[in-house]
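Following: one structure in structure tokens, then a few remarks.
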Amino acid sequence: MSHWYQLEADVVARQINSDLEDGLTTATAQQRLLRDGPNELMAAKGKSPWQVLWGQISEPLVVMLIVAAVISGIVGDLRDAIAILAIVIFNATLGFRQERKAERALAALKKLAVPTVRVKRDGQIQECSMVSVVRGDLVLLETGNVVPADGRLVETVNLQVQEATLTGESAPVDKQASAVLTEEQPLGDRCNMVYHSTTITRGRGTFVVTETGMETEIGHIARMLQSVDVEATPLQKRLAQLGKVLGAGAIAISLVIATMGFIQGEPLRQMLITAVSIAVAAVPEGLPAVVTIALALGAERMLKRQALIRHLPAVETLGSVTTICSDKTGTLTANRMTVTVLDMADEQVALEDALNNPSLSLLLLSGALCNDASLDNDQAIGDPTEAALITAAAQLGLPKRKLDQLWPRIDEVPFDSDRKRMTTYHRCEQPLPTFLQQTWQQVAPSHTNTVVFSKGALHSLIPTLDRVWVDDQVQPLTDDLRQRICSAHDHLANQGLRVLGLAFRPLASAPEELEHQLVFLGMMGLMDPARPEVKDAIGLCQTAGIQVVMITGDHPLTAKHIAQDLGIGSNPLLTGQDLSKMPVDELETVVTKIGVYARVTPEDKLKIVQALQRRGHIVAMTGDGVNDAPALKQADIGVAMGITGTDVAKEAADIVLQDDNFASIVAAVREGRVIYDNIRKFIKYTLAGNVGQLWLLFLAPFLGMPIPLVPIQILWINLIADGLLALALSFEPAEQRVMERPPYHPNESIFSRGMGADILWIGLFLGLILILVAYDYQSSGNPAWQTMVFTTLAFSRIALSEGVRSSSESLFRIGLLSNTKLLGAVIVTFCLQLVVIYVPVCQVFFSTVALNGQEFAIALLLGTVIFWAVEFKKALFR
């Protein structure tokens, strides 16, 4: 039924067998989940196994190889045809397995990114995954939530919803649960409905779910958009382009070699297969796939460090971050908010001493009622600060559930990051607890039937005040009292406490303005200690050349105290007020020198990120609120909080911290550097070895020699070197000084920092070793000369894989056992090479002959020369 908006909410609930008071039972919800399926939109189907396999064998160069095998079969050379096809199948199988593993890893990460939802089941508020929401569920909405399903609103308080994803209307839409629309209305005018994937921009509400999954309005659109191409990451695009350039060059070289061989009398068929084999061997055609695998496996490892990667390119960019802009509460601090101090205008006491003080109890009552958190079975659900307030009130015998029944909320002005305060309006239906009745009679007229409560930052609250509660009575707010309140606030903030002011106003009738002529009750100081591991993480950042900046909405004194504790307090501090007066060009000149920003708005965050980027910084920005989304999008790496973050912030971010911990960002940055380093090692190893082969094949004809390697031998080297050994390099652990160097720019050349030169000299040196072996043994008439060249090359590629594991450290320092997967690949490839040389069946296939002991020892010794050359170069530069 699509006309739910034409029915009263209770009628809708009856028709779908729901309960507007207690919600569904857990058993009913489970039955409906089994019946209707999970609440998720069907994404475009991933590649089937056959499509992945086809992708492996349909690469242009692989197709050329298959064509060469077919030609071999046609001309009667079945041995080469079978051998070449066997290599192609083995290579494709290896690539297929790795790509499927990467796809499964990414799919698993995507499932973890599903947001949680607050629902009412069995009469209690619970949190569950969005995919488990079912028809008839009562879902609670608040600012920052993404609506998890379609439904009829039951309750709304200042609710506004951004529905641009469905209607294209950019302005948020006001919603009213009480409205009943008698006539048919377009989607954008249904003010009593909410729809899947829209965003709550203001207020709160409750709705009963009418449709889930693909039956929602957005689900109908999703059916029409099932084919979405996966965007390649910047590094993948650059490497794919590099592959094309190398491919063109390799084909040109292979044609030259084939032509020269044909002129020297080699058979045309043999030269054709040789040309294709050289082209395939010279180009690392699996490079983009290896990058995908490295990034996906890296994302898996980051998840173990509590950093959930939502967008794969973020893995690349992480290693290049130069500045981390971090929120304070919950990220640098432990997010264990507890009320420790209560301050009235004439006294300051610890929470545990407030039990027998009615005035202080009134302060706690205000904090509990002007509050959107809930307390069920001693478990607080909601914002950590608000959870701390209701927990403190409950400890003094003022449970929120009971208070809400005594004085139900009838209106509110929700918290806003610009105003930094929240106000609620309540009806006084029942008497207060006995210990509060006398105090209440002193402050409220006998005909009082409503009351306003307000809480927020003191500087935001003061303009709404005209009186103060002192000595159990209301007095005018004089300049002396205002000064005393501000001094007490600064004293608490200097101790690193987060300070909230609270006020109220008893009323006989509804006011024209809620936030006006309020009575100041007092302040609460909340302690949120710095996380013990964060100080070391910040020190690690500073060693790694990464600037850490604290950006918080808290008071400057609180921010400064925490910053000094964590080692980021030596830099100057700016406030949001300073930023509002500062021209853009002036901010750019000082932005790299500022360590702490306090009392900032989300708009200020955006300005800070843009200023840093214009100075050439790669910025990671944390955020948790709706208004943080622009800054998260603008930053090179947007980092959302997994625990306290809103759904909107998570959608805008590249990374979600599942533990809201700054140390997890640093761990992810470290992992990003490791991944990028390992991709460079793979490129260096593969291209250097391939260049060595090209020099061998290119120089041999000029020396009047036959082609030193037959096609099947070239392909075998390609398999063991660019397959097993190169892939194992992607598992290389972090180098010891990975966080002791400055970040690298993400757009730097792949061949920067000497890697291009290394590829050239290693390739040339390897080519010279091989050509000397070929010339010496071929000129002496040794029938094993090709096998000697083949084996020396194989052992050289094995040794080189260990040599390139670090660009500066010796293998003997990092140890053979620090990458057991590579060590295993080395042992396997060494044994396979022995099989190819000494097993008679393989000798026929690979055109090899058995080497005697002396020849084998020489091949093995010469194969390690390249390793010693690489080690000598590293020692020289150290």
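As the structure is a prediction and not an experimental result, all values here were calculated from the model.
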Are [X] and [Y] close enough that some pair of their side-chain heavy atoms sits under 4.5 Å apart?
X      : Y      : answer
Tyr744 : Arg673 : no
Gln658 : Leu303 : yes
Asn852 : Phe856 : no
Asp654 : Leu318 : no
Lys681 : Arg805 : no
Pro783 : Val849 : no
Ser320 : Tyr676 : no
Ser801 : Leu822 : yes

(request) Take Tyr838 and Leu834, measure what side chain to side chain contact (heavy atoms under 4.5 Å, CB included) needs, and give me the verdict at the end. (result) CA-CA 6 Å; Tyr838 292 110; Leu834 295 183; 4.2 Å; yes

Of all the heavy-atom pairs spanning [X] and [Y], show the shortest one and how long it is.
X      : Y      : value
Ile675 : Gly298 : CD1-CA, 3.3 Å
Ala774 : Leu696 : CB-CD1, 4.4 Å
Thr322 : Pro743 : CG2-CG, 3.9 Å
Tyr777 : Ile858 : OH-CD1, 3.5 Å
Arg670 : Ala734 : NH2-CB, 3.4 Å
Ser847 : Gln713 : O-NE2, 3.3 Å

Is the number of heavy atoms from other residues, nucleotides or ligands under 6.0 Å of [X] [atom1] greater than 12?
X      : atom1 : value
Phe830 : CZ    : yes
Phe872 : CZ    : no
Phe751 : CZ    : yes
Trp695 : CH2   : no

(request) List the steps and the verdict of side-chain hydrogen bond (donor to acceptor under 3.5 Å, both in side chains) for Gln843 and Thr848. (result) CA-CA 5 Å; Gln843 289 175 344; Thr848 58; 5.1 Å; no

Can any side-chain N or O of [X] pair as donor or acceptor with the backbone N or O of [Y] at less than 3.5 Å?
X      : Y      : value
Lys874 : Ala869 : no
Thr791 : Met788 : no
Glu802 : Ala799 : no
Ser818 : Gly815 : yes
Thr792 : Leu770 : no
Ser752 : Ser749 : yes
Gln786 : Ile707 : yes

Rounded to the nearest 0.5 Å, what separates atom [atom1] in [X] from atom [atom2] in [Y]?
X      : Y      : atom1 : atom2 : value
Glu671 : Ile309 : CD    : CD1   : 9.5 Å
Leu255 : Thr259 : CG    : OG1   : 6.0 Å
Phe795 : Ile866 : CZ    : CD1   : 16.0 Å
Ile637 : Ile618 : CD1   : CD1   : 9.0 Å
Ile759 : Leu687 : CD1   : CG    : 4.5 Å
Ser664 : Leu308 : OG    : CG    : 11.5 Å

For [Y], is there an ion pair with [X] - N to carboxylate O distance below 4.0 angstrom?
X      : Y      : value
Glu809 : Arg737 : yes
Lys684 : Asp758 : yes
Asp677 : Arg741 : yes

Quiz question: by atom type and distance under 3.5 Å, do the side chains of [X] and [Y] form a donor-acceptor pair?
X      : Y      : value
Glu732 : Asn678 : no
Glu855 : Asn782 : yes
Ser806 : Glu735 : yes
Gln833 : Arg797 : no

(message) Could you go through Phe867 and Ile798, starting from their C-alpha distance and side-chain angles, then the distance that decides it, and tell me whether this counts as side chain to side chain contact (heavy atoms under 4.5 Å, CB included)?
(response) CA-CA 9 Å; Phe867 167 79; Ile798 291 172; over 6 Å; no

(message) For Leu729 and Tyr685: C-alpha separation, side-chain torsions, deciding distance, then whether side chain to side chain contact (heavy atoms under 4.5 Å, CB included) applies.
(response) CA-CA 9 Å; Leu729 276 173; Tyr685 169 71; 3.7 Å; yes

(message) Set out, in order, the CA-CA distance, both residues' side-chain angles and the distance that settles side chain to side chain contact (heavy atoms under 4.5 Å, CB included) for Val836 and Phe845, then state yes or no.
(response) CA-CA 9 Å; Val836 167; Phe845 260 88; over 6 Å; no

